[in-house]
Amino acid sequence: MSLSNIINNTNGANGAAHDPLDSLLESVTASVHAFKTGRQERDRVAALKAAQELVRSLHQPKDNVYHLVYSPTQAMCVRMGIDLEIFTTLSKSTEPLSLKDLAAVKGANPLITERILRVLAGIGYVEEHDVHLYKATRMTQQMADRDSVAVVKFIYDYGMSTVAKIPEFLRSHNYQFVDGLTSGPWNYAMGHEEVIWNWFGADPERLDVSSSFMEADRGSRPSWVEWCSLPAQLVKTFDDTSKDVFMVDVAGGRGHDLRTFMDKFPDVKGNFILEDMGHVIEQSVEGLQAEKIAFDLFREQPIKGAHVYYMKFILHDWSDDQCHQILTRIGEAMRPGSKLIIEEFILPEKDCPMLSAMWDWEMMVFCNSLERSETHWTKVLSEAGFTAKFYYPPGDGQGIIEAELK
Ligand SMILES: C[S@@+](CC[C@H](N)C(=O)[O-])C[C@H]1O[C@@H](n2cnc3c(N)ncnc32)[C@H](O)[C@@H]1O
């Protein structure tokens, strides 16, 4: 039962008023119990949602507004915690560390450091062991991980000023879509004239942060090779006497998804191909047994007749018109029987998980683009000459679309 239903329904069957908190508590207890019993991803997501409803109901509405609009300061303090090496220092220490010790690592002012630590303790990214004495938590450990550092740097350093400007940008366009490679909010807010993907490539640190972000962006959600029946079918239906390429990872970054697939199915005979912009594949993951080809999504697809063309988080970077061009280039290269596998969020029409609802806005921030629902994907794919079958993930992660030429 949703929070609004519970609040509007405060009388029990016998007419006696009951406390809405009781129903919320029951819902949290039942959903946590279901998760503890089966350890299923969908139960974990349901339990988290129930717990969040309980937390929301404990906020006074007026105070909730403050918590909401002040919440960017949480990310800001995490970002500064990275600069001050608070997470790496604490996670390496077997003893609690003092404020003085932590401030000294980068020579920061102790009062500024304390102000940062106060917020980090409030969100569980460090623990206050005693007054001015701090210990690592599991979030401190997580923030000592290079992938999580890249996620925070990517979103904070390259995206936050655009987040602040999006209302102004959309207001100035009467809240309409503005198509064009360099006419979106990111170019507007950052004052850059170039395409974002070229901007990443123009600086080695930026390129590393952006590629690391892409490698980390699955988070702990299971890969499609774990939850979806399709990968095994694709392997089974491959004719390995045919000399066809088995799989092309179209704009596959440094090749992390290809490696996951190859680790899961080490006996596939056909070739694997990694395609991306030249400066990205130059840095492909170590030991990847795949041919690397620099290509352009908008030009002729260099590999013809592969068994599988796989694209993860590519089409969500582009508008419907741009997707049409990309899909047309792939369709031209496919042979009858080739599959196009698209890994993307498939937004439900109702009760959209917050993760993909927020991701949708991050796409607007960085790429002037969007996430799509099943209806929207079907339209985009159909207009480019494809049929589509949808596979939904067990939790709140991205789904799989199996597309074939009509
Ligand atoms: C969101 S990332 C996804 C990467 C990878 N598939 C993944 O899921 O981690 C988009 C990728 O598209 C590549 N890309 C952007 N524009 C491109 C273009 N015009 N031609 C080829 N690749 C491009 C970028 O370099 C980047 O690796």
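None of these values were measured; they are calculated from a predicted model. First listed ligand is number 1; within each ligand, the first listed atom is number 1.
- Between R254 and D249, none of the side-chain N atoms (NZ, or NE/NH1/NH2) sits under 4.0 Å from a carboxylate O, so this pair counts as no salt bridge.
- Within the 4.5 Å cutoff, side-chain heavy atoms of I273 are placed close to those of E275.
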What does the N/O contact table under 3.5 Å look like for ligand 1?
from: ligand 1; atom 1: 6 (N); to: A251; atom 2: O; distance (Å): 2.8
from: ligand 1; atom 1: 6 (N); to: K312; atom 2: O; distance (Å): 2.8
from: ligand 1; atom 1: 8 (O); to: K312; atom 2: O; distance (Å): 3.2
from: ligand 1; atom 1: 8 (O); to: K312; atom 2: NZ; distance (Å): 2.9
from: ligand 1; atom 1: 9 (O); to: H256; atom 2: NE2; distance (Å): 2.9
from: ligand 1; atom 1: 19 (N); to: D296; atom 2: OD1; distance (Å): 3.2
from: ligand 1; atom 1: 20 (N); to: L297; atom 2: N; distance (Å): 3.0
from: ligand 1; atom 1: 25 (O); to: D276; atom 2: OD1; distance (Å): 2.7
from: ligand 1; atom 1: 27 (O); to: D276; atom 2: OD1; distance (Å): 3.4
from: ligand 1; atom 1: 27 (O); to: D276; atom 2: OD2; distance (Å): 2.7

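- Contacts of K269 classified as side chain to side chain donor-acceptor pair (under 3.5 Å), with partners at least two apart in sequence or in another chain: none.
- Taking the six-membered ring where the residue is Trp, the centroids of Y310 and W224 are separated by under 6.0 Å.
- For the pair L315 and E344, the minimum side-chain heavy-atom distance is below 4.5 Å.
- Taking 4.0 Å as the cut-off between side-chain N and carboxylate O, E114 and R118 count as a salt-bridged pair.
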